Amino acid sequence: MSHLASKFRLLCLSNGHGEDIIAVRILQELQQCSVDLDIAALPIVGEGRAYITAGIPIVGSVQVMPSGGFIYMSGRQLMRDLQGGLLQLTLTQTKALRTWLKQGGVVLAVGDIVPLLFAWWSGVDYAFVGTAQSEYYIRDDVKMLAKPSILDRCLGLSESVYHPFYRWLMFHPRCKAVFPRDSLTAKNLQKWSIPVFDLGNPMMDRLEPTRSLQLPHQPSLTILLLPGSRTPEAYANWQQILQAVVNLSETFSDRSLQFLGAIAPGVSTEPLCQMLVSAGFCLSKDLTFNYKNASIVLTQKAYNDCLHLADIAIAMAGTATEQFVGLGKPAILIPGKGPQFTYNFAEAQSRLLGSSVILLQQPQQAGEAIKSLLVDSDRLAQIAANGYRRMGAPGAAQRIAERLIEQFGAN
């Protein structure tokens, strides 16, 4: 990759923990391309821990809102955020955005319409990595999932998951590049002469196993447990997941089961352990529990290993579920009470990921769902192909970084 002749100034905007991680991957690839690089980040939602860990400077104020960034889930969540200082935070952030750009530079927006609006408002050239929206929410590779209403057709809401105002922001002369999350979405956006580049989904980057997780035995079936990354929601999700675990132990009483609890760094394991003991699990050693024919290992340091070792996931998470499916594996979804993983969120995720996920109504249905899945080799093969197609191949962050340099390097 060629080096830049002049300083490349870029401010990255993102709105969520998963979006921050994707943004960091792209920025780190940029750092590999040039020594004369001036980058900073403005995390619109949360504290921007991913940026801090990566040593990327943060511009302006950061604050955790009560909704965790999920204000679109309900008007109640929006009201909680407004009471928590959302308007003041937004004003402070937009001021910091303009201040940083006074010395020149471009904006990279990662996420949904919120950072894209910030990028447009900045007054400078910008690019957009669309992590939240996909045509798979409303159509599959063949047809629409539901017949659009007359009103939707009249307002142009059925033509794309990106509605007209969204598309206007991406078609704007200062928007120089748009990177959708999948090929189906990229192909559809090209109809409006938007500067679309189908380069893959950075969500699938850096998932190689580290082989640091040592399992106590060789099980006949390994199941990944994903309670999510936000507290206190993750603790409530864990309670639901444990019901599914007990059901699986009963359904597969003649088999050795290994459960891997991939716990986010911001989630305390202490409440999770207490719930395990209350459910009848016995602690055998640090963060390893036994129950009849099953064992559960909790880890906060071997996420990639968990993804690769597991055959199936019981998931109540966003990004982690998509990454697991992208490896060609099936996931069982159990709706929770939110604010993120509600029934509506899980139902939307099932449309996004298609046949790779099975949406249950109750945790106790997990055993029969997995039992029927394991005996259907054709279905498992179709699930693998579907996951690869919807999530894409690794290396997207590097490809996006190269495109950004080609697009903005001379600025």
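Only a predicted model underlies this, so the values are computations on that prediction, with no experimental measurement involved. Along the sequence shown, residues carry numbers from 1.
A salt bridge links Arg181 to Glu322: at least one charged side-chain nitrogen sits closer than 4.0 Å to a carboxylate oxygen. Salt bridge Arg351/Asp140: absent, no basic N to carboxylate O contact under 4.0 Å. Look at Arg230 and Glu233 and you find no salt bridge, because none of the NZ, NE, NH1 or NH2 atoms lies under 4.0 Å from a carboxylate O.
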Next item on the list: Give the intermediate values and the outcome of side-chain hydrogen bond (donor to acceptor under 3.5 Å, both in side chains) for residues Ser134 and Asp182.
Entry: CA-CA 7 Å; Ser134 169; Asp182 54 62; 2.6 Å; yes

Next item on the list: Check the pair Ser256 / Asn293 against side-chain hydrogen bond (donor to acceptor under 3.5 Å, both in side chains), numbers first and verdict last.
Entry: CA-CA 5 Å; Ser256 172; Asn293 59 321; over 6 Å; no

Next item on the list: Go through the steps for Arg399 and Glu402 under the test salt bridge (charged side-chain N to carboxylate O under 4.0 Å, His left out), then give the verdict.
Entry: CA-CA 5 Å; Arg399 294 189 289 269; Glu402 291 173 349; over 6 Å; no

Margin query: For Gln323 and Tyr303: C-alpha separation, side-chain torsions, deciding distance, then whether side-chain hydrogen bond (donor to acceptor under 3.5 Å, both in side chains) applies.
Written below: CA-CA 11 Å; Gln323 289 172 325; Tyr303 174 67; 2.5 Å; yes

Item checked: Intermediate values then yes/no, side chain to side chain contact (heavy atoms under 4.5 Å, CB included), Ser268 and Tyr235 -> CA-CA 9 Å; Ser268 171; Tyr235 305 130; 3.4 Å; yes

Item checked: Verdict with supporting geometry, Leu224 and Ile312, side chain to side chain contact (heavy atoms under 4.5 Å, CB included) -> CA-CA 6 Å; Leu224 177 62; Ile312 299 172; over 6 Å; no

Next item on the list: Start with the C-alpha gap between Thr185 and Glu135, add the side-chain angles, then the distance that decides, and say whether side-chain hydrogen bond (donor to acceptor under 3.5 Å, both in side chains) holds.
Entry: CA-CA 5 Å; Thr185 307; Glu135 289 301 315; 5.2 Å; no

Margin query: Using side chain to side chain contact (heavy atoms under 4.5 Å, CB included), reason through Leu117 and Phe165 one step at a time and then give a plain yes or no.
Written below: CA-CA 10 Å; Leu117 269 172; Phe165 179 61; 3.8 Å; yes

Note to self: side chain to side chain contact (heavy atoms under 4.5 Å, CB included), that's the test. Do Thr288 and Ile296 meet it? Break it down for me.
What the structure shows: CA-CA 6 Å; Thr288 300; Ile296 292 185; over 6 Å; no

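The main-chain N or O of Ala369 is found under 3.5 Å from a side-chain atom of Ser372 such that the two form a donor-acceptor pair. No donor-acceptor pair closer than 3.5 Å links the side chain of Gln239 to the backbone N or O of Ala236. Looking only at distances, a side-chain donor or acceptor of Ser356 sits under 3.5 Å from a matching main-chain atom of Ile383. Under the 3.5 Å distance criterion, the side-chain polar atoms of Lys329 are matched with a main-chain donor or acceptor of Ala310. Panel note: side chain His17, backbone Val45; no donor-acceptor pair is recorded below 3.5 Å. Distance alone, capped at 3.5 Å, places no donor-acceptor pair between the Arg9 side chain and the Asp38 backbone.
Within 6.0 Å of CZ in Phe171 there are 12 or fewer heavy atoms belonging to other residues, nucleotides or ligands. Within 6.0 Å of atom CZ in Arg206, more than 12 heavy atoms from other residues, nucleotides or ligands are found, so the atom counts as buried in its surroundings.
Gln300 is listed as a side-chain neighbour of Thr269, based on a closest heavy-atom distance under 4.5 Å. The side-chain heavy atoms of Asp112 and Pro115, taken from C-beta on, include a pair separated by under 4.5 Å. Looking at Ile58 and Ile52, their side chains come closer than 4.5 Å, going by heavy atoms from C-beta outward. Proximity of Leu13 to Leu11: side-chain heavy atoms (C-beta onward) are separated by under 4.5 Å at one or more points. A heavy-atom distance below 4.5 Å is found between the side chains of Val24 and Tyr51. Between Ile263 and Trp238, some side-chain heavy-atom pair lies under the 4.5 Å cut-off. Residues Ile241 and Pro363 form no side-chain contact, since every pair of their non-hydrogen atoms from C-beta on lies 4.5 Å or further apart. Tyr126 is not listed as a side-chain neighbour of Trp121, based on a closest heavy-atom distance of 4.5 Å or more.
The cationic atom of Arg390 (NZ for Lys, CZ for Arg) lies less than 6.0 Å from the six-membered ring centre of Tyr136 and within 45° of the ring axis.
The two residues Val161 and Ile138 have their closest heavy-atom pair at N-CD1, 3.5 Å. Nearest heavy atom pair, residue Lys371 against residue Thr251, reads CD-CG2, 4.1 Å. Counting all heavy atoms, side chain and backbone alike, Asp311 lies closest to Pro330 at O-CD, 3.6 Å. Contact detail for Ile39 and Trp100: the closest heavy-atom pair is C-CZ2, 4.5 Å. When all heavy atoms of Ile314 and Ala244 are compared, the pair lying nearest together is CD1-CB, 4.0 Å. Closest of all the heavy-atom pairs between Trp192 and Asn188 is CZ3-O, 3.2 Å.
Legend: salt bridge (Lys or Arg N to Asp or Glu O under 4.0 Å) pairs involving residues 186-202, not counting sequence neighbours: none detected.
Side-chain N/O atoms of Gln258 and Ser295 include a donor and acceptor closer than 3.5 Å.
In this pair, Phe128 and Tyr166 present their aromatic rings tilted. The plane angle is within the 30 to 60° band.
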